[in-house]
There are 2 protein chains.
Amino acid sequence: MSHTTGSAAVTGVRQARKRRTRQSLLDAALALLEEQSLSGLGLREVTRAAGIAPTAFYRHFRDMADLGVALVEESLGSLHATVRANLAATVDSERRIAGTVELVARLVREHPAHVRFLARERHGGVRPVREAIGGELDRFAVEVAAELARLPEASDWRREDLLMLARLYVDLMVTTASALLAAGPDAAAGERVEEEARRRLRLVALGSRHWPG
Amino acid sequence: MSHTTGSAAVTGVRQARKRRTRQSLLDAALALLEEQSLSGLGLREVTRAAGIAPTAFYRHFRDMADLGVALVEESLGSLHATVRANLAATVDSERRIAGTVELVARLVREHPAHVRFLARERHGGVRPVREAIGGELDRFAVEVAAELARLPEASDWRREDLLMLARLYVDLMVTTASALLAAGPDAAAGERVEEEARRRLRLVALGSRHWPG
DNA sequence: TCGGTGAGCTGACAACTGTGCACTGACTGG
DNA sequence: CCAGTCAGTGCACAGTTGTCAGCTCACCGA
């Protein structure tokens with residue numbers, strides 16, 4: 001037990017340095033993954049790009065799969081709060097739709113490599129990474145369902161229908177993100193994708209307003 | 001006796017043999033791709049599994065990317081007619097929905113490796129393969145839109161809304177296919193996925209019946 | 001029947017891979 | 001202050017990779 005002086009600086013120069021090279025490994029891997037997939041990425045390739053010796057890799061990750069899981073956490077971990085805030089913010093349907101699409105668009109604009117990684121490895125060749133992404137997306141769906149349940153017009157929905165709708169929304173946003181990636185840097189093409197995404201959401205919202213038929 | 005001059009055999013023993021080993025290359029690659037992705041698959045690995053010498057690979061494909069494109073064609077090429085027939089068959093909405101989901105389910109059941117390959121390489125690390133899959137899916141969307149246009153209730157739809165709806169349907173079926181793969185061989189889990197897919201389609205059909213709001 | 005074609009083979013090459021081992025030296029807690 | 005920890009290094013190893021050149025020999029058309 002630490003009955004030490006109680007200083008605030010717990011970091012330690014050593015651990016900080018370690019975290020820095022760990023981060024440079026993650027960055028290097030992410031950059032290399034823009035043009036190939038994780039199962040084709042070599043350990044030496046990554047360490048070379050990160051500027052360290054190959055064997056130093058093992059100080060941070062057991063595997064490339066291990067590194068991949070860390071990348072998933074980095075890509076998706078901080079997003080839950082954002083999504084939750086966005087959903088809770090507005091009640092008006094049209095505003096909610098516009099805000100959600102804008103959120104996805106900004107995510108793709110600001111972190112294209114992360115999004116590309118997720119799209120690629122969601123069904124990729126490395127099981128632990130696949131499962132990490134899938135689990136994270138499931139968590140998103142549950143959170144979205146919880147927010148949907150707070151809307152008055154969903155008060156009489158069955159729980160499973162609510163989850164179905166939430167998962168549908170999540171899937172729509174994921175495919176929107178990949179479509180935005182595929183559209184590339186062309187602003188006009190990106191705007192077309194966003195507009196189509198909004199229309200899709202409008203259609204689904206319209207359907208759910210008349211549910212269950 | 002054996003060498004009848006006017007035989008109908010247009011194939012030729014030689015070309016037939018070549019096609020057979022080409023096919024065994026495709027089969028071997030597909031089998032190996034169940035547990036990794038194309039950009040991590042080695043030429044030697046494939047030829048070893050196919051039972052031929054490494055250099056013989058070049059007699060059939062220039063690249064692994066080339067082989068991948070051939071796999072896309074094999075996986076998706078024959079599907080257009082099936083989809084078209086399925087859509088044209090029934091007019092009743094509920095029957096159409098059930099039939100479509102059943103078609104996807106059967107596809108996954110009968111050709112799981114092909115479907116897995118498509119899901120994996122749709123956003124995978126090999127550009128030509130990505131583009132081949134994307135182009136094929138676009139063609140599907142156009143075909144679906146053409147079939148939708150024949151329905152009386154869609155007579156007053158704008159062309160772009162029709163395409164939006166068609167693309168939505170295609171994306172829904174693609175995500176349904178991956179979900180079925182993820183569900184694995186468990187029949188109960190598969191049935192749950194199918195039921196949710198039907199509900200999704202019902203919701204979308206409901207929304208489109210009230211379009212544009 | 002005979003020369004040409006071409007699918008598939010063998011052997012070899014340099015380049016690259018993941019990982020084990022022993023080492024250094026800056027940091028650390030007591 | 002000093003002994004211990006541990007991130008990072010260098011070297012070595014056995015395998016594997018893609019590809020080249022040249023060979024065989026079953027098939028082909030004429």
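Below, read A as the first sequence line, B as the second, and so on, with proteins coming before strands; counting in each chain starts at 1.
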**Q.** Any B:Thr21 side-chain N or O less than 4.0 Å from OP1/OP2 of C:dA7
**A.** no
(Q) Any carboxylate oxygen within less than 4.0 angstrom of a Lys/Arg side-chain nitrogen, looking at B:Glu102 and B:Arg198? (A) no
(Q) Taking the minimum atom-to-atom distance to the side chain of B:Ala56, which one of C:dC27, D:dG18, C:dC9 wins? (A) C:dC9
(Q) Whole angstroms only, please: what is the CZ-C1' distance between B:Arg44 and C:dC16? (A) 13 Å
Q: Grab the CG-C1' distance between A:Leu41 and C:dT17 for me, whole Å please.
A: 12 Å
Q) Any idea which of C:dT10, D:dT9, D:dG18 is nearest the B:Leu43 side chain? A) D:dG18
Q. Which of the following nucleotides, C:dG8, C:dC9, D:dC28, is nearest to the side chain of B:His60?
A. C:dG8
**Q.** Length of the line joining A:Glu45:CD and C:dA15:C1', which is rounded to integer Å
**A.** 14 Å
Q.
Taking A:Arg48 first and then A:Glu45, would you say they form a salt bridge - that is, a charged N and a carboxylate O separated by under 4.0 Å?
A. no
Q. Is the base of D:dC6 touched by the side chain of A:Arg14 through a donor-acceptor pair closer than 3.5 angstrom?
A. yes
Q. Can you tell which of D:dG18, D:dG8, C:dC21 lies closest to the side chain of A:Arg59?
A. D:dG8
Q: Spell out yes or no: do the side chain of A:Thr55 and the base of D:dG10 have one donor N/O and one acceptor N/O closer than 3.5 Å?
A: yes
Q: Salt-bridge test for A:Glu35 and B:Arg130: reply yes if a basic N is under 4.0 Å from a carboxylate O, no otherwise.
A: no
Q: Send over the distance from A:Arg19 CZ to D:dC6 C1', rounded to a whole Å.
A: 17 Å
Q.
Rounded to whole Å, how long is the line connecting atom CZ of B:Arg62 with atom C1' of D:dT19?
A. 15 Å
Q) CG of B:Asp66 versus P of D:dT19: gap in Å, rounded? A) 12 Å
Q | Interatomic distance where CZ belongs to B:Phe57 and C1' belongs to C:dC9 [whole Å] | A | 17 Å
Q: Report the nucleotide, chosen from C:dT28, C:dG18, C:dA12, that has the shortest atom-to-atom distance to any side-chain atom of A:Tyr58.
A: C:dG18
Q) Taking only side-chain nitrogens and oxygens of A:Arg48, does any of them come within less than 4.0 Å of OP1 or OP2 of C:dT17? A) yes
Q.
Heavy atoms from C-beta onward define the side chain here; which of C:dA7, D:dT19, C:dT19 lies closest to that of B:Lys18?
A. C:dA7
Q: Take atom CD1 of B:Ile52 and atom C1' of D:dT19, then tell me their distance rounded to the nearest Å.
A: 15 Å
**Q.** Greater than 12 external heavy atoms within 6.0 Å of B:Glu73's CD
**A.** no
Q. Are B:Arg192 and B:Glu196 within salt-bridge range, i.e. N to O under 4.0 Å?
A. no
(Q) Closest-nucleotide mapping onto DNA chain C: is A:Met64 or A:Arg17 further toward the 5' terminus? I mean the 5' end. (A) A:Met64
